[in-house]
Protein chains: 2
Amino acid sequence: MIKCAKCRQIDFVQKSGIVRGKQRYFCKACDYHFTLPEAVENRKNKPRHQVTIIDIANELGISKSTVSRALRGHTDIHEGTRKMILDLAQQLEYQPNPLANALLKSRTNIVGILVPEFRHYFFPTVIMGAQEILSKAGYNVMICQSDESYDTEVANVKALMNSRVDGLLVSVTTQTNNVDHFRTVLRKEVPLVFFNRVCPELDTPQVIVDDYAGAFQAVEHLVQQGYRRIAHLAGPVSLLVSRLRMKGYLDALQKHGLPVDNELIIHYDLTEEKARIYANYLLSLPQPPDAIFAINDPTAIEIMLVAKSRGVKIPQELGIVGFSNDPISAIIEPPLTTVEQPVWEMGRQAARILLEQMENPRIETYQLPTRLVVRGSSVNC
Amino acid sequence: MIKCAKCRQIDFVQKSGIVRGKQRYFCKACDYHFTLPEAVENRKNKPRHQVTIIDIANELGISKSTVSRALRGHTDIHEGTRKMILDLAQQLEYQPNPLANALLKSRTNIVGILVPEFRHYFFPTVIMGAQEILSKAGYNVMICQSDESYDTEVANVKALMNSRVDGLLVSVTTQTNNVDHFRTVLRKEVPLVFFNRVCPELDTPQVIVDDYAGAFQAVEHLVQQGYRRIAHLAGPVSLLVSRLRMKGYLDALQKHGLPVDNELIIHYDLTEEKARIYANYLLSLPQPPDAIFAINDPTAIEIMLVAKSRGVKIPQELGIVGFSNDPISAIIEPPLTTVEQPVWEMGRQAARILLEQMENPRIETYQLPTRLVVRGSSVNC
DNA sequence: ACCAGTTTCGGGAAAGTTCCCGATAGTTTT
DNA sequence: AAAACTATCGGGAACTTTCCCGAAACTGGT
């Protein structure tokens, strides 16, 4: 028979249903429900137990508060006690559990970085710059890439927010027109800094280079080299960089009295295939351009390859200027004239502003300088 | 006068020291120490309170257990109750706090990736491959780069472990000879998978390509093209890839009866500057090589640049073969012959093995195929 | 009305910290 | 020697979630 778990009697015990597959009993004497306890086997299989502050406290016969104080370098503790704790902690290879801390303080010490891609030179380098600053400030970095897809971007922002990052460094995709997902970030008061591909409609810091001046210089250079029919393979209108570089292009043409031919202006989505298609299109026009200003270096290089394959001589028949000064630009034949921008520094700057943003929020746009680097692809001599 | 906080009398209260800047009192009547409570002002300044499971429970007048069950899709819950909870959760934009979960389960759902650099094509691409698999499996990724510094690598491993990552994907630096920091990882039973630059002395999975066969093919190809004095600008001996590719190089020479000239074999640390220095050195030997097999594409390209600057004609006077088939290899002039390796797939494979490792650990070395891509830099016709 | 059985819910521990605040022992002042 | 004070320590709440298990509220069948 079954003995009551409380009064140890057996006479008043009766069955009382099954709960989670186990028979349950009821003792009428002491009005008590119970089930038979499991065998002791399959409990207590905690595999790896990280050494905690409590282990140290127990070992030393003191309280966890005291251990915490010693470890945190707090005052209010005896020098001898502290040393004792510190020694044992070292011996036990104690590692504080950042999860507990994060849960308590709602701070993860993780910064999320979201970029559209990192196949090319630009974004990896920005990331390295940002990482340099952030890791120095004690932050880890979680990197996501949206792959130029708006949906992926939204999903990534969600995932990053869900991971409770302490801040966000973002460069948007070419598809990003709706920015509600970033408004959510701002609403939850998570510091957010845009770089390169920014969102001027949002009240949060932005780090860009002087795209206008860079583009203006580049196109003016082409004019001065004698090119007259200058095309612009531009980025999507959705991106501010595209618009600014476009404006530089247009103003440079205007300044030198050159007509604007809309046939020579193409916005595209920055994919390799499209770059090739449009380069071919431009070069097969009845009146093809004699120079092309490309939104960035990868685009410029695609154009160069297309031109080469068509037997178009660079720079004699076609001048080309890029933007960003990727290392490959100096290597390719002929070397590419391009607008240099401080890529690494952009990452550092964005990170610095993010850190500052955590202290005292301030909305500002930071602009870094550009510089024209003249190489063989545009020197028509 | 001061009223005792316990017996409400004022006659027996006397001062009793200052604690943390606040006056403390002692009531002799009830033998009770106390301080005056603060004004209600400066407490309760919790700024942003994420909506929790308890908020939902309170709102609905039920227990947090029930809410948890509803959200977790558990059984043991009334369909109506579940719907009610799910609706409110959605309305309140409830986001479960992964930190609490992580603390409870000791699982962060974060995988750490540690690479020596990501300036070039290789590592970013591997990372993208890994990320594709990992994010599909619900993992976030934390990326660190050791910058080819052993000390940074050790620090990064420590930081990653400290962040309680659930697994680690690693490619070591050129300096890594001591692997104790990885032994620590293994000892704590954190899944660890090496790729590309592996640690065969550790009992954990490794993902590599068939470096030996690739190198062998590459050198044999050079021989077949008529090159006879083939140099090898190799990686550091510490790396297994270096040794394997070296072996392929040596065996190919031997197979075709070519002598091994130690003067033509150089191990270096994979930095740009050294690549230039050694390329110059090789080309200024009394008997310079007529071909060079480079450990990887960036190295091959540095050699090409040096050769060009010295007026050495490629491929007529110098054949060059690289390894990895970086996209730049197809672009440069002349295009570079190279050994293609499935870079993206390597990342995917490493990630898959890491995930598998979390379920049932198994130690194995996985080898991916290579394929020679012949281009202009080595075709001596 | 009584009992066996089922469905649904609540209480509370656990995870590892930090931090507030009360408590104790010892030390100096009056 | 009492009063006022300092130095040091412990207790326990809080952070959020999951999960175990006990309990209440039902449903049918006698």
Side-chain angles (χ1 to χ4, degrees), chain A residues 5 14-26 28 31-35 37-38 43 46 49-57 60-72 74-82 94-107 164, chain B residues 5 14-20 22-26 28 31-35 37-38 43 46 49-57 60-72 74-82 85 94-107 164:
Chain A
Q14 60 187 184
K15 288 201 203 165
S16 164
I18 294 173
V19 59
R20 274 172 292 269
K22 282 173 60 183
Q23 181 61 56
R24 192 145 148 276
Y25 300 94
F26 177 65
K28 284 170 72 178
D31 188 41
Y32 183 65
H33 286 271
F34 63 93
T35 57
E38 295 237 0
R43 52 221 311 191
K46 327 206 120 194
H49 171 72
Q50 287 278 4
V51 34
T52 83
I53 215 175
I54 299 182
D55 295 331
I56 298 180
L60 259 32
I62 57 180
S63 85
K64 61 184 177 12
S65 314
T66 307
V67 179
S68 173
R69 263 197 302 271
L71 261 12
R72 300 283 324 186
H74 210 279
T75 147
D76 264 33
I77 190 167
H78 188 76
E79 200 43 58
T81 314
R82 157 176 296 152
Y94 167 75
Q95 291 279 76
N97 187 332
L99 295 167
N101 199 13
L103 176 58
L104 194 61
K105 308 273 207 54
S106 312
R107 291 198 41 178
R164 299 290 199 275
Chain B
Q14 62 187 186
K15 290 198 201 166
S16 164
I18 294 174
V19 59
R20 274 173 293 269
K22 280 174 59 182
Q23 182 62 54
R24 200 150 74 101
Y25 300 94
F26 177 66
K28 284 169 72 178
D31 188 41
Y32 183 64
H33 285 273
F34 63 92
T35 58
E38 295 238 0
R43 53 217 318 189
K46 326 206 123 192
H49 170 71
Q50 289 276 7
V51 35
T52 84
I53 215 174
I54 299 183
D55 296 331
I56 298 180
L60 259 32
I62 56 179
S63 85
K64 62 184 177 8
S65 313
T66 306
V67 178
S68 173
R69 262 196 303 272
L71 261 12
R72 298 284 322 183
H74 211 280
T75 148
D76 264 35
I77 190 167
H78 188 77
E79 200 42 57
T81 314
R82 156 176 296 151
I85 293 171
Y94 168 76
Q95 291 279 75
N97 187 333
L99 295 167
N101 199 11
L103 176 59
L104 196 61
K105 307 273 207 54
S106 315
R107 292 197 42 177
R164 298 291 198 276

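All chains are named by letter (A, B, ...) in the order of the sequence lines, taking the proteins before the strands, and each is independently numbered beginning at 1. These numbers come from a predicted model, not from an experiment.
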Ignoring the backbone of B:Q23, work out which of D:dC5, D:dC20, D:dC9 is nearest its side chain. D:dC5
Below 4.0 angstrom from OP1 or OP2 of C:dG10, is there any side-chain N or O of B:S63? yes
Compare side-chain N and O positions of A:T81 against OP1 and OP2 of D:dT8 and report whether any pair is under 4.0 Å apart. no
Taking 4.0 Å as the cut-off, does a side-chain nitrogen or oxygen of A:Q50 come that near to OP1 or OP2 on C:dA15? no
Which nucleotide, C:dC9, D:dA14, D:dT17, lies nearest any side-chain atom of B:N97? D:dT17
With a 4.5 Å limit on heavy-atom distance, are the side chains of A:S106 and A:R164 in contact? no
Distance, rounded to the nearest Å, where B:I62 contributes CD1 and C:dT8 contributes C1': 11 Å
Let me know the distance between CG of B:L99 and P of C:dT18, rounded to the nearest Å. 15 Å
By nearest nucleotide on DNA chain C, pick out whichever of B:E79 and A:I54 is the more 5' one. B:E79
Mind checking whether A:R69 and A:D76 have side chains closer than 4.5 Å, heavy atoms only? yes
Report which part of the nucleic acid B:L103 touches: base, sugar-phosphate, or nothing (heavy-atom distance under 4.0 Å, all strands). base
Taking the nucleotide of DNA chain D with the nearest heavy atom to each, does A:A100 or B:N101 sit closer to the 5' end? A:A100
Can you tell me how far the OG atom of A:S65 sits from the CZ atom of A:R72, to the nearest 0.5 Å? 14.0 Å
Any B:Y94 side-chain nitrogen or oxygen under 4.0 Å from OP1 or OP2 of D:dT16: no
Is any side-chain nitrogen or oxygen of B:S65 closer than 4.0 Å to OP1 or OP2 of C:dG10? no
When rounded to the nearest 0.5 angstrom, what is the spacing between CD1 in A:I56 and CG in A:L71? 5.5 Å
Does some side-chain heavy atom of B:L60 sit less than 4.5 Å from a side-chain heavy atom of B:I85? yes
I want to verify a distance call: between C:dC19, D:dG10, D:dC21, whose nearest atom is closest to the A:K105 side chain? C:dC19
Between P of D:dT18 and CG of B:D76, the distance in whole Å: 16 Å
May I ask you to evaluate whether B:R72 reaches the phosphate of D:dT18, defined as a side-chain N or O under 4.0 Å from OP1 or OP2? yes
Non-hydrogen side-chain atoms of A:Y25 and A:Q14 separated by less than 4.5 Å: no
Would you indicate which nucleotide in D:dC9, D:dA14, C:dG10 comes nearest to any side-chain atom of A:L104? D:dA14
Establish, with yes or no, whether the OP1 or OP2 oxygen of D:dT8 is under 4.0 angstrom from a side-chain nitrogen or oxygen of A:H78. yes
NA contact type, A:P96, heavy-atom cut-off 4.0 Å: base, sugar-phosphate, or nothing? sugar-phosphate
Take the protein atom CZ of B:R164 and the nucleotide atom P of C:dG16, then report the distance between them rounded to whole Å. 9 Å
I want to verify a distance call: between C:dC21, C:dT17, C:dC9, whose nearest atom is closest to the A:R69 side chain? C:dC21
OP1 or OP2 of D:dT17 under 4.0 Å from side-chain N/O of B:S68: no
Short side-chain N/O contact to D:dT16 OP1/OP2 from B:T52, under 4.0 Å: no
Separation of atom CD1 in A:I56 from atom P in C:dT18, rounded to whole Å: 11 Å
Does the base of D:dG11 carry an N or O that pairs as donor and acceptor with the side chain of A:K64 under 3.5 Å? no
Taking OP1 and OP2 of C:dA4, is either one under 4.0 Å from a side-chain nitrogen or oxygen of A:Q14? yes
Nearest-Å distance, OH (A:Y25) to P (C:dC3)? 17 Å
How is A:Q95 classified with respect to the nucleic acid when contacts are heavy atoms under 4.0 Å: base, sugar-phosphate, or nothing? sugar-phosphate
How long is the line joining CZ of B:R107 and C1' of D:dT17, in whole Å? 15 Å
Pairwise distance CZ(B:R82) to CD1(B:I77) - rounded to 0.5 angstrom: 5.5 Å
Separation of D:dC20 P from A:R24 CZ (nearest whole Å): 17 Å
